[in-house]
Enquirer: 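Please read through the structure below; I'll follow up with questions.
If you read the sequence from its start, that first residue is 1, and numbering goes on from there. This is a predicted model, so every value here is computed, not measured.
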Amino acid sequence: MRLLIATTNPDKLREIRHLLAHVPVDLVSLRDLPPFPEPEETGTTFQENARLKALYYNARTRADPPRGPRGSSAVGCEIGPFDYTVAEDSGLVVDALDGEPGVHSARFLRADASYPERFAEIYRRLAERPGRPRTARFVCALAVARDGRVAYETTGVIEGEIAAAPRGTAGFGYDPIFFYPPYGSTLAEVTEDAKLRVAHRGEAFRKLASWLKEGM
Ligand code: ITT
């Protein structure tokens, strides 16, 4: 079985390979293919964006791609088809910031902002709202497309708090400011294994692994 993992994010991809290592599938990622134009992530929810990405990349890698207005085929069909196209949309939801950065996590502040700059902006906004709870969560919405339709979808969530200050160098993205109370540390202070046991992407891809195995 060939799966297209439709992400351009190398950190997500490393975690996904780790999570699906025990499933007998060939994983191909967008990083293994010639560059595609990326779809605009216009959804207002993680789930909408996950579906949008899964369907977009599925259409572009089908054996019988939809025809354009002048009969031209969608690009990229020569490197498909895949049995399934798997996309995920994820991000950090901070309650005191009314859910921000949320679906804008990858582009929060500016598309080219560094994570330390983003952390500083989050702390600046939190300081403007003293007394609000520090609760936050990471969400991962996953969608699987096949033959132009969504064949499976699920989500994973991890609940935590915004740390008093960034800590740790493991993981990626917002991990240094995500404090996970049961570990007494941020997700950037634990191993990848420990993170994935409890985190959003771990939950979502373990459910995907069970679904794939049921169909084998
Ligand atoms: P693709 O759309 O190509 O998959 P992306 O990075 O643009 O890559 P998203 O739109 O889903 O993906 O944005 C996800 C962002 O959320 C990611 O870039 C991080 O900033 C943040 N994020 C998601 N999961 C995370 C995690 O496990 N740890 C830390 N930050 C995370």
Enquirer: Which residue pairs satisfy the ring-ring contact (aromatic ring centres under 6.0 Å, His included) criterion with at least one member in residues 126-147, sequence neighbours excluded?
Expert: F138-F178, F138-H200
Enquirer: The criterion is side chain to side chain contact (heavy atoms under 4.5 Å, CB included); which residues satisfy it with P130, sequence neighbours excluded?
Expert: none
Enquirer: Is the closest basic N to carboxylate O distance between E15 and K12 below 4.0 Å?
Expert: no
Enquirer: Apply side chain to side chain contact (heavy atoms under 4.5 Å, CB included) to D89 and list each qualifying residue two or more places apart in sequence or on a separate chain.
Expert: E41, F46, N49, A50, K53, V103
Enquirer: What residues, two or more places apart in sequence or in another chain, satisfy side chain to side chain contact (heavy atoms under 4.5 Å, CB included) together with Y115?
Expert: R118, F119, Y174
Enquirer: Would you say E128 has more than 12 foreign heavy atoms packed within less than 6.0 Å of its CD?
Expert: yes
Enquirer: Go through the structure and list residues passing salt bridge (charged side-chain N to carboxylate O under 4.0 Å, His left out) with R17, not counting sequence neighbours.
Expert: D32
Enquirer: Mind checking who shares a hydrophobic cluster with L27, ILVMFWY linked at side-chain heavy-atom distances under 4.5 Å?
Expert: M1, L3, I5, L13, I16, L19, L20, V23, V25, Y84, V86, L142, V144, Y152, L196, F205, L208, W211, L212, M216
Enquirer: In this structure, would I177 and V190 fall into the same cluster of hydrophobic residues linked by side-chain contacts under 4.5 Å?
Expert: yes
Enquirer: Would V93 and I122 show up in the same hydrophobic cluster when neighbours are defined by side-chain heavy atoms closer than 4.5 Å?
Expert: no
Enquirer: Apply side-chain contact (heavy atoms from CB on, under 4.5 Å) to residues Y57 and E38 and explain how you reach the verdict.
Expert: CA-CA 9 Å; Y57 288 109; E38 288 182 31; 3.7 Å; yes
Enquirer: Show the nearest heavy-atom pair for residues A143 and A54, with the distance to one decimal.
Expert: O-CB, 3.6 Å
Enquirer: Sequence neighbours left out, what passes side chain to side chain contact (heavy atoms under 4.5 Å, CB included) with R14? Give chain and number order.
Expert: D11, F172, E192
Enquirer: Quick one: salt bridge (charged side-chain N to carboxylate O under 4.0 Å, His left out) partners of D26, sequence neighbours excluded?
Expert: none
Enquirer: With a 4.0 Å cut-off, would you call D98 and R125 a salt bridge?
Expert: no
Enquirer: List for me each residue that meets salt bridge (charged side-chain N to carboxylate O under 4.0 Å, His left out) alongside R134, sequence neighbours excluded, and say none if there are none.
Expert: none
Enquirer: Enumerate the salt bridge (Lys or Arg N to Asp or Glu O under 4.0 Å) contacts for residues 169-183, please, sequence neighbours excluded, ordered by first and then second residue.
Expert: D175-K195
Enquirer: With a sphere of 6.0 Å drawn around CZ of R110, does it hold more than 12 non-hydrogen atoms of other residues, nucleotides or ligands?
Expert: yes
Enquirer: Determine all donor-acceptor pairs shorter than 3.5 Å in which one atom belongs to a side chain in residues 154-165; sequence neighbours excluded.
Expert:
from: T154; atom 1: OG1; to: K207; atom 2: NZ; distance (Å): 3.3
from: E159; atom 1: OE1; to: R137; atom 2: NE; distance (Å): 3.0
from: E159; atom 1: OE1; to: R137; atom 2: NH2; distance (Å): 3.3
from: E159; atom 1: OE2; to: R137; atom 2: NE; distance (Å): 3.1

Enquirer: Show which residues join L55 in its hydrophobic cluster (side-chain heavy-atom contacts under 4.5 Å, direct or indirect), or state none.
Expert: V150
